[in-house]
Amino acid sequence: MNYFYYLCAMKKNSPQPPKKTQLTESSRMILQGYDLTTAKYKANLYQKRMMLAVASAAQSKIDGTRHIAGKQFKVEEGEFPIISVPIDLILQDDDSSNIFAVRKAAKDFIGRVIEYQAADGSWVVFSPIITATIPRYGSEVQLQVHKLFWEAILDYRSGYRKLDVKRAIALKSVYAIRFYELFSGKTEPIIYSITKLKEMFAIKDKYKLTADFVRYVIEPAKRELDAAAPYSFDFEPIKDGRKIIAFKFTPLHYPQRENEDAEVRDLHRKLSLSWDIRDRHVRDYLRNSIGFTEVEIKNNIEAYQGRT
């Protein structure tokens with residue numbers, strides 16, 4: 001099913017949004033829906049890497065690429081897709097034989113939820129992983145994912161973030177990954193309240209002192225992104241009187257760490273071959289028959305052209 005028909009089906013049928021892995025030289029670029037990027041959920045490092053692998057698998061519906069950092073993954077399509085992810089892709093530099101750590105991460109993840117407010121104002125909550133299986137003597141974990149998770153990855157109506165999954169999955173901190181997701185591809189400063197960030201990272205009851213939140217969450221993430229990622233950030237406090245209530249983040253871009261041109265061009269080419277929403281007849285169909293607004297259509301045009 002090409003991407004045009006995927007959007008039509010999503011609009012009609014789904015709840016609407018309101019090493020030891022050997023790294024290759026080529027990047028694995030994906031577009032991830034903004035609602036999912038800023039959603040509220042708790043995940044440890046292995047669970048976040050599982051999410052990135054699923055996001056890459058969902059993107060493969062568009063670009064046909066089924067690898068991250070040279071490691072192949074498999075996709076069994078259906079109402080609730082099953083993604084087979086190499087265990088050493090999840091572990092990265094950790095002990096590649098530590099299958100019990102991956103087993104525990106998958107088991108714990110099944111009981112957790114992702115929560116966000118969608119483009120149309122709807123409240124959406126779901127468990128991203130339904131089942132997890134590691135075959136005996138297997139080298140992969142099979143993750144059956146909720147269809148709402150699959151759809152949220154590809155829903156660009158509120159915008160999107162362009163991510164290098166190869167770089168993201170190699171990061172050592174879940175906070176570094178999430179900050180990378182927030183700022184990747186961005187150039188303009190962004191303000192996030194402390195309350196919003198804690199809700200997104202599901203740590204509302206931790207770090208009562210703002211200084212501790214900075215020391216244990218923001219600063220370590222920045223150091224890691226500064227050292228290894230295509231995007232990092234600077235930040236400065238915003239105060240109400242003497243109290244820090246938010247931070248102004250300025251994205252920093254390190255283009256020398258990117259090797260994306262060929263893959264991004266191929267992604268955009270495949271998107272444009274699948275459907276051209278610049279065509280008046282297609283726009284009329286999306287608006288009149290499916291119910292997309294002009295804003296939603298515009299967001300999807302920008303997504304497949306690679307602009308924000």
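Basis for what follows: all heavy atoms, side chains included, without hydrogens, waters or symmetry-related copies. This chain uses plain numbering: 1 for the first residue, then up along the sequence. Here the structure is a predicted model, which is why all the values come from computation and not from measurement.
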Using every non-hydrogen atom in the two residues, find where Gly138 and Ile99 come nearest and quote the distance to one decimal. O-CD1, 4.3 Å
Ile87, Phe100: one ILVMFWY side-chain cluster at the under-4.5 Å cut-off? yes
At what distance, to the nearest 0.5 angstrom, does OH of Tyr192 lie from CG of Leu197? 7.5 Å
Would you confirm whether Lys198, through its side chain, and Lys206, through its main-chain N or O, come within 3.5 Å as a donor-acceptor pair? yes
Looking at Ser60 and Ala57, would you say the former's side chain and the latter's main chain have a donor-acceptor pair under 3.5 Å? yes
With distance as the sole test, does Arg161 use its side chain to make a donor-acceptor pair with the main-chain N or O of Leu182 at under 3.5 Å? yes
Tyr207: which residues meet the ring pair (Phe, Tyr, Trp, His ring centres under 6.0 Å) condition with it, sequence neighbours left out? Tyr216
Residue pair Glu77 / Lys61, side-chain heavy-atom distance below 4.5 Å: yes
Report the hydrophobic cluster partners of Phe80, with the cluster defined as I, L, V, M, F, W, Y residues connected by side-chain heavy atoms closer than 4.5 angstrom, directly or transitively. Ile130
Using every non-hydrogen atom in the two residues, find where Thr38 and Lys196 come nearest and quote the distance to one decimal. O-NZ, 4.1 Å
Does a side-chain heavy-atom distance below 4.5 Å link Gln142 with Glu76? no
Does Ser127 use its side chain to pair, donor to acceptor, with the backbone of Val113 at less than 3.5 Å? no
Taking the side chain as every heavy atom from C-beta outward, state whether Leu52 and Glu181 have any atom pair closer than 4.5 Å. yes
How long is the gap from NZ on Lys71 to CD on Glu140, to the nearest 0.5 Å? 11.5 Å
After noting the C-alpha distance and the side-chain angles of Ile153 and Gln59, does the key distance pass the side-chain contact (heavy atoms from CB on, under 4.5 Å) rule? CA-CA 8 Å; Ile153 295 166; Gln59 187 78 70; over 6 Å; no
Which donor-acceptor pairs under 3.5 Å do the side chains of residues 239-248 make with protein atoms, sequence neighbours left out?
none

Roughly how far, to the nearest 0.5 Å, is the OG atom of Ser56 from the CZ atom of Arg66? 10.5 Å
Heavy-atom check, side chain of Val214 versus side chain of Phe235, under 4.5 Å: yes
Can you tell me how far apart CZ (Arg167) and OG (Ser184) are? Round to the nearest 0.5 Å. 11.5 Å
Within this structure, what is the CD-CD1 distance for the pair Glu236 and Ile191, rounded to the nearest 0.5 Å? 8.5 Å
Backbone N or O of Ala105 within a donor-acceptor pair of the Gln47 side chain at under 3.5 Å? yes
What heavy-atom pair brings Gln32 and Ala55 nearest, and what distance separates the two atoms? OE1-CB, 4.0 Å
Any heavy-atom pair between the side chains of Arg103 and Ile134 that's under 4.5 Å? yes
Would you call Lys104-Asp108 a salt bridge at under 4.0 Å N-O? yes
Strictly below 4.0 Å, N to O, side chains only: are Lys222 and Asp234 in salt-bridge contact? yes
Is a donor on one side and an acceptor on the other found under 3.5 Å between the side chain of Arg49 and the backbone of Leu91? yes
From CG (Asn98) to CG (Asp88), nearest 0.5 Å: 12.5 Å
Ion pair present between Asp226 and Arg223, side-chain N to carboxylate O less than 4.0 angstrom? no
Regarding Arg178 and the six-membered ring of Tyr41, is the cationic atom NZ or CZ under 6.0 Å from the ring centre and inside 45° of its axis? yes
Is there side-chain contact between Met51 and Phe149, with heavy atoms separated by less than 4.5 Å? yes
Any donor-acceptor pair under 3.5 Å from Tyr116 side chain to Ala152 backbone: no
Full working for side-chain contact (heavy atoms from CB on, under 4.5 Å) between Leu171 and Leu45: CA-CA 9 Å; Leu171 295 170; Leu45 181 59; 5.9 Å; no
Run the side-chain contact (heavy atoms from CB on, under 4.5 Å) test on Trp123 and Gln117 for me, step by step, so that the C-alpha distance in whole Å, both residues' side-chain angles and the decisive distance to 0.1 Å come before the verdict. CA-CA 5 Å; Trp123 175 68; Gln117 186 168 359; 5.8 Å; no
Walk me through it: do Trp150 and Val54 pass the test side-chain contact (heavy atoms from CB on, under 4.5 Å)? CA-CA 8 Å; Trp150 193 259; Val54 173; 4.3 Å; yes
Non-hydrogen side-chain atoms of Phe73 and Leu143 separated by less than 4.5 Å: no
Report whether Ile238 and Phe213 are members of the same hydrophobic cluster (ILVMFWY, side-chain heavy atoms less than 4.5 Å apart, transitive linking). no
Exercise: identify the closest heavy-atom pair between Ala119 and Asp35: N-OD2, 3.5 Å
Students often mix this up, so state it plainly: with edges at 30° and 60°, are the rings of Phe249 and Phe233 parallel, tilted or perpendicular? perpendicular
Co-members of the apolar cluster containing Tyr254 [side chain, <4.5 Å]: Leu252
Go through the structure and list residues passing ring pair (Phe, Tyr, Trp, His ring centres under 6.0 Å) with Tyr175, not counting sequence neighbours. Phe201
Can you check whether Ile129 reaches Val145 side chain to side chain, under 4.5 Å on heavy atoms? yes
Taking all non-hydrogen atoms of both residues into account, name the closest pair between Met50 and Val102 and its distance. CE-O, 3.8 Å
Apart from Ile82 itself, which Ile, Leu, Val, Met, Phe, Trp or Tyr residues share its cluster (side-chain heavy atoms under 4.5 Å, direct or through members)? none
Do you know the tightest heavy-atom contact between Ala43 and Phe109? CB-CE1, 4.3 Å
